[in-house]
Every structure is written in C-alpha cells, then in structure tokens.
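All figures in this text were calculated on a predicted structure; none of them were measured in a lab. Note: hydrogens, waters and symmetry copies are ignored here, and every other heavy atom, side chains too, is used. Quick note on labels: first sequence line is chain A, next is B, and so on, each numbered from 1.
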Amino acid sequence: MFKKRFKTPGEFKAAFKTRRRKVCRFCEEKVRVIGFYNDRVLRRFVNERGKIVARRVSGNCAFHQRRLTTAIKRARHLAIMPFTSEYYR
Amino acid sequence: MRTYESTFILSPQADDAAFDQQIKAITDLIGNNDGKIIKEDRWGIRRMAYPIKKFTQGFYTRLVFEGNSKLLTELERFYKLEDPYIRYLTIIFEGDPHEKIFDDADSDSNRAPHAKPTEDRERPAPARATTESRKPDNIAPVAIVEKPSTETAVSEPDGKDEPEKTEE
Ligand SMILES: [Zn+2]
C-alpha cells in the first residue's frame with residue numbers, strides 16, 4: 001500500500017535513506033539521571049495533550065525512554081507536569 | 001542506610017513563618033529517626049499543572065537525606081496525618097549527593113561524572129601515533145599527534161552528515 005507512492009524500488013529506498021537518523025538525545029548528552037523536577041527537558045517528550053511521545057518518534061533508546069517515562073510520571077504526581085492538557089479537559 | 005529524596009507540596013494558604021515551621025517539622029522528623037539531611041531545596045510557591053485539593057499553587061520543597069526504612073514509614077505516616085502537606089513523593093536518590101544539583105536542572109549535574117567529552121577524543125590518538133611514528137624525524141610527537149586526532153574526531157561524522165543534509 002505504502003509502496004505504491006514510490007514508482008521504483010530505488011525511489012522507495014531513497015526516501016528512507018534521506019530520512020534523518022534518529023539518535024537518543026540523552027545518550028548524546030551522556031545523561032545518566034533524568035530528574036522529575038527537570039520539566040523543561042521532560043516537556044520536550046510529551047505531545048500537546050501531555051501524552052508521552054513514543055520511542056519510535058522521539059528516537060530515544062530503550063534505557064532512556066524507560067527512565068524518561070518514570071520521570072514524567074513522577075512529575076505528574078507532583079503536578080509539575082500535566083496528566084492531560086487543560087485545553088483538552 | 002540509603003539516600004532518599006522527598007519532595008512535598010505545602011498548602012499555599014500560609015505565611016513564610018508557617019512554611020518554615022512545616023519544613024522544619026519534616027527535617028526534625030528525619031533527624032529524630034537516625035536520618036541525616038544532605039540537601040534542602042526550597043522551590044517556593046509554584047503554579048501546579050492541575051489543581052490539588054482545590055489549590056492551583058503550592059509551596060514546593062525537596063529534601064535529600066540518608067535514612068532507614070523505619071524513617072520512611074514514619075515520614076509517610078506524618079505526611080498523611082498533617083493537612084498542609086497536600087502532595088508528597090519519596091524516592092531513592094540516584095545522583096551523587098555531593099554534586100551540586102539544584103541550582104540549574106539543565107547543568108552537567110545530571111551527567112555521569114566519568115562522561116567527559118575529552119575521553120572520546122583521546123581514543124583515536126594512539127592509532128594516529130603509530131602512523132606518525134613511521135616518520136624518522138619525530139621532533140615533538142605529543143604536540144603533533146594531539147591536534148590531528150581531535151580534528152579527525154570532529155570532522156569525520158560531519159563529512160558523513162553533509163550529503164544527507166543537502167538531500168533534505
Ligand atoms: Zn539513550
């Protein structure tokens with residue numbers, strides 16, 4: 001179905017080749033501990049509704065996604081982060 | 001003994017003296033139960049992401065302390081009993097307690113102490129040294145080796161990225 005958008009297999013391949021390689025931003029920065037109090041960082045990994053962005057979208061590695069999820073949930077408990085955005089409530 | 005951190009939100013309907021007294025109640029409780037306060041950080045009154053007990057703001061305080069499990073149960077019991085503590089969270093402290101962590105959340109405090117950028121750049125140096133040492137006149141090997149190694153470490157990934165960027 002999706003392949004129909006590309007006329008040749010080469011075009012299909014090229015579309016994927018040009019896509020930017022995703023790297024875990026926490027690995028890049030060599031972050032070990034993701035603090036729940038650090039809402040400026042946490043907010044980058046939730047969508048407008050306040051939902052945690054999937055790993056395949058954000059490009060985080062499994063280790064850091066797990067840590068990030070814990071941090072966001074802790075932040076929500078302390079009302080540092082919203083469970084859901086005010087707008088959608 | 002383990003290192004824990006406890007963050008709590010105080011009801012905003014109080015003055016500074018009351019906040020002081022309510023925070024002191026917690027630090028005293030920790031001290032009286034063989035605990036030791038390592039760090040106390042008052043964030044002050046902050047807007048909350050959603051209302052808790054009909055309050056839209058709260059006074060945040062974060063404590064890092066050493067203690068045993070008995071202290072934790074006492075602490076939990078105290079939070080539950082006393083009204084001004086509208087929300088609390090006690091977790092195992094993961095950072096280095098002697099590191100400066102509260103001033104700027106974005107600073108290198110969250111980074112691993114061994115993770116220095118220079119470490120990565122030192123690795124290609126020995127490989128370069130062997131190629132360089134083939135030359136008979138090696139006057140200052142250290143000075144010559146150090147510079148190109150850092151250059152290659154930086155420029156190589158850049159060179160690979162460039163064609164990708166132009167395609168986009
Ligand atoms: Zn990672």
ILVMFWY cluster, [X] and [Y] together (side-chain gap under 4.5 Å):
X: B:Phe78; Y: B:Ile30; answer: yes
X: B:Ile92; Y: B:Leu71; answer: yes
X: A:Ile34; Y: A:Val53; answer: no
X: A:Leu42; Y: A:Phe63; answer: no

Atom of [X], atom of [Y] and distance for their closest heavy-atom approach:
X: A:Pro82; Y: B:Ala49; result: N-CB, 3.5 Å
X: B:Ile52; Y: A:Ala79; result: CD1-CB, 3.8 Å
X: A:His77; Y: B:Arg87; result: O-NH1, 2.7 Å

Mind checking the OG1-CG spacing from B:Thr7 to A:Leu78? Nearest 0.5 Å is all I need. 5.5 Å
Within a strict 4.5 Å, meaning less than it, do heavy atoms of the B:Tyr60 and A:Ile80 side chains meet? yes
Let me know if B:Ile86 has heavy atoms under 4.5 Å from chain A in its side chain, its backbone, both or neither. neither
When the 4.5 angstrom heavy-atom criterion is applied to B:Ile9 and chain A, the contacting part is side chain
Partners passing salt bridge (charged side-chain N to carboxylate O under 4.0 Å, His left out) against B:Asp20 (at least two apart in sequence or in another chain):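 Expected list: B:Arg42.
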Mark yes or no for whether B:Tyr50, through its side chain, and A:Thr84, through its backbone, hold a donor-acceptor pair below 3.5 Å.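 Not confirmed, B:Tyr50 side chain does not pair with A:Thr84 backbone.
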Measure distances from A:Phe26 to the heavy atoms of chain B and classify the residue's part below 4.5 Å as side chain, backbone, both or neither. neither
Does a salt bridge link B:Glu5 with A:Arg74, judged by any charged N lying under 4.0 Å from a carboxylate O?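 A:Arg74 and B:Glu5: not salt-bridged.
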Determine whether A:Tyr37 and B:Asp41 satisfy the following criterion, side-chain contact (heavy atoms from CB on, under 4.5 Å), listing intermediate values before the conclusion. CA-CA 12 Å; A:Tyr37 45 83; B:Asp41 185 42; over 6 Å; no
